[in-house]
J.: 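The structure that follows is given in the form of structure tokens.
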Amino acid sequence: MTRPMPRSRYSAGAIFLHWTIAALIIVNLVLGLGHESLSKDSIPMVMGWHKSIGVTVLALSLARLAWRLANPAPPLPPAMPGWQVAAARATHIFFYVAMIALPLTGWLMSSASPIRFPLTFFGLFPIPYLPVEQSREMARNWGSAHEILGYATIFVLALHVAGALKHHFIDRDDVLRRMLPRA
């Protein structure tokens, strides 16, 4: 029995989930970091969007993880140095952890807060609060974890984009092209 040839590109499902989650994360980072500069009246609406997008990212990330486990990634170029392979793997592991942990820490922060703001999915239906201790201290702790993960995500995202661009423009390999939608 012969083994099938490894894919040279990511599957259409993986590409769709990658770019959809990436766009939602970038929007949410902007909303999360920029909400304090908004008028006091618009903050609840913007944070409602932030929370709804976060829940969407969580759901899509779980789907992405399941997809990834069922559909292995195409192999990296054989000439790629070992340190770059290790960096790529570490980056991807970080992203899977962050795509799940960021929304969860935000949800935990909202659930732990003694001041309960409405938690809905784009105003369509309520999102249940998680069964955690409600206290300012717990909400602050979950908020700190959420913020640290957010800034770490920005840093790793910048490295990820820089690496993809390096592969495309300097190494001139297919690392970036294999994740781009077909034109």
Side-chain angles (χ1 to χ4, degrees), residues 10 12-69 73 87-132 134 136 138-165 176 179-181:
Y10 282 91
I15 292 169
F16 171 79
L17 289 167
H18 175 275
W19 292 107
T20 301
I21 293 168
L24 291 172
I25 287 173
I26 291 167
V27 167
N28 240 15
L29 288 168
V30 170
L31 293 176
L33 293 173
H35 77 277
E36 293 176 4
S37 65
L38 301 173
S39 71
K40 195 173 184 178
D41 294 337
S42 62
I43 290 176
M45 178 184 65
V46 169
M47 291 313 291
W49 294 342
H50 178 78
K51 293 172 186 180
S52 295
I53 292 170
V55 169
T56 304
V57 167
L58 177 59
L60 290 175
S61 296
L62 292 171
R64 173 79 170 104
L65 181 58
W67 187 277
R68 174 68 177 78
L69 292 173
R89 288 202 173 115
T91 299
H92 286 99
I93 290 168
F94 172 85
F95 278 134
Y96 280 106
V97 170
M99 291 182 319
I100 294 167
L102 254 172
L104 278 179
T105 55
W107 195 358
L108 286 162
M109 175 178 55
S110 292
S111 298
S113 177
I115 302 167
R116 291 276 173 107
F117 293 99
L119 192 55
T120 69
F121 186 74
F122 295 106
L124 299 173
F125 55 84
I127 298 169
Y129 292 99
L130 297 172
V132 295
Q134 281 183 261
R136 284 190 176 137
M138 288 307 296
R140 203 171 17 256
N141 289 343
W142 287 118
S144 293
H146 189 66
E147 186 176 358
I148 290 166
L149 270 170
Y151 282 113
T153 298
I154 292 168
F155 176 74
V156 175
L157 180 62
L159 288 177
H160 183 65
V161 170
L165 294 175
L176 174 60
M179 184 49 90
L180 293 175

J.: Side chain to side chain contact (heavy atoms under 4.5 Å, CB included) with W142: which of M138, R140, H146?
T.: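 Single pass found, and it is M138.
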J.: Are a donor atom and an acceptor atom from the side chains of S110 and S113 found within less than 3.5 Å of each other?
T.: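 No, S113 and S110 have no side-chain donor paired with an acceptor closer than 3.5 Å.
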J.: For residues A98 and P103, report the shortest heavy-atom separation together with the two atoms involved.
T.: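 Answer, listing the atom of A98 first, then P103: O-CD, 3.7 Å.
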J.: Would you call I148 and T105 a side-chain contact if the rule is heavy atoms closer than 4.5 Å?
T.: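 A side-chain contact is absent here, since even the closest heavy-atom pair is not under 4.5 Å.
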J.: Go through L24 and L60 one step at a time and tell me if the side-chain contact (heavy atoms from CB on, under 4.5 Å) criterion holds.
T.: CA-CA 10 Å; L24 291 172; L60 290 175; 3.8 Å; yes
J.: Rounded to the nearest 0.5 Å, what's the gap from CD1 on I154 to CD1 on I26? Could you check?
T.: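 Atom-to-atom, I154:CD1 and I26:CD1 are 10.0 Å apart.
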J.: State the CG-CG distance between L149 and L102, to the nearest 0.5 angstrom.
T.: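 If I round to the nearest 0.5 Å, the distance is 5.0 Å.
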J.: Can you name the nearest heavy-atom pair linking L176 to A164, along with the distance?
T.: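 For L176 versus A164, the nearest heavy atoms are CB-O, 3.9 Å.
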J.: I'd like to know if the side chain of W107 and the backbone of P128 have a donor-acceptor N/O pair within less than 3.5 Å.
T.: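 Confirmed, W107 side chain pairs with P128 backbone.
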J.: In Å, rounded to the nearest 0.5 Å, how long is the span from CG of L31 to CG of N28?
T.: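 L31 CG to N28 CG: 5.5 Å, rounded to 0.5 Å.
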J.: When rounded to the nearest 0.5 angstrom, what is the spacing between CE in M99 and CG in L58?
T.: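 That separation rounds to 10.0 Å.
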J.: Working to the nearest 0.5 angstrom, can you tell me the gap between F94 CZ and F155 CZ?
T.: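 Reported value, rounded in 0.5 Å steps: 10.0 Å.
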J.: Any sub-3.5 Å donor-acceptor pair from W19's side-chain atoms to M179's backbone N or O?
T.: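 At least one qualifying donor-acceptor pair exists.
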J.: Donor-acceptor pairs are to be reported for all side-chain atoms of residues 116-123 against protein atoms at under 3.5 Å, with residues two or more places apart or in another chain.
T.:
| residue | atom | partner | partner atom | Å |
| --- | --- | --- | --- | --- |
| R116 | NH2 | S111 | O | 2.8 |
| R116 | NH2 | Q134 | OE1 | 3.2 |
| T120 | OG1 | G123 | N | 3.1 |

J.: Looking at R89, is its backbone amide N or carbonyl O close enough to the side chain of H92 to form a donor-acceptor pair, meaning the two atoms are under 3.5 Å apart?
T.: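 No; judged by distance alone, with no hydrogens or angles, the pair does not exist.
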J.: Rounded to the nearest 0.5 Å, what's the gap from CG on L130 to CE on M109? Could you check?
T.: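 Output value for this atom pair is 12.0 Å.
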J.: With sequence neighbours excluded, tell me which residues meet ring-ring contact (aromatic ring centres under 6.0 Å, His included) with F95.
T.: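 H160.
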J.: Does anything in residues 52-61 form a side chain to side chain donor-acceptor pair (under 3.5 Å)? List the pairs, not counting sequence neighbours.
T.: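 Qualifying pairs: none.
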J.: Check step by step if side-chain contact (heavy atoms from CB on, under 4.5 Å) holds for I25 and I53.
T.: CA-CA 8 Å; I25 287 173; I53 292 170; over 6 Å; no
J.: L17 and R64: which non-hydrogen atoms are nearest, and at how many Å?
T.: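 L17 and R64 have their closest heavy atoms at CB-CD, 3.6 Å.
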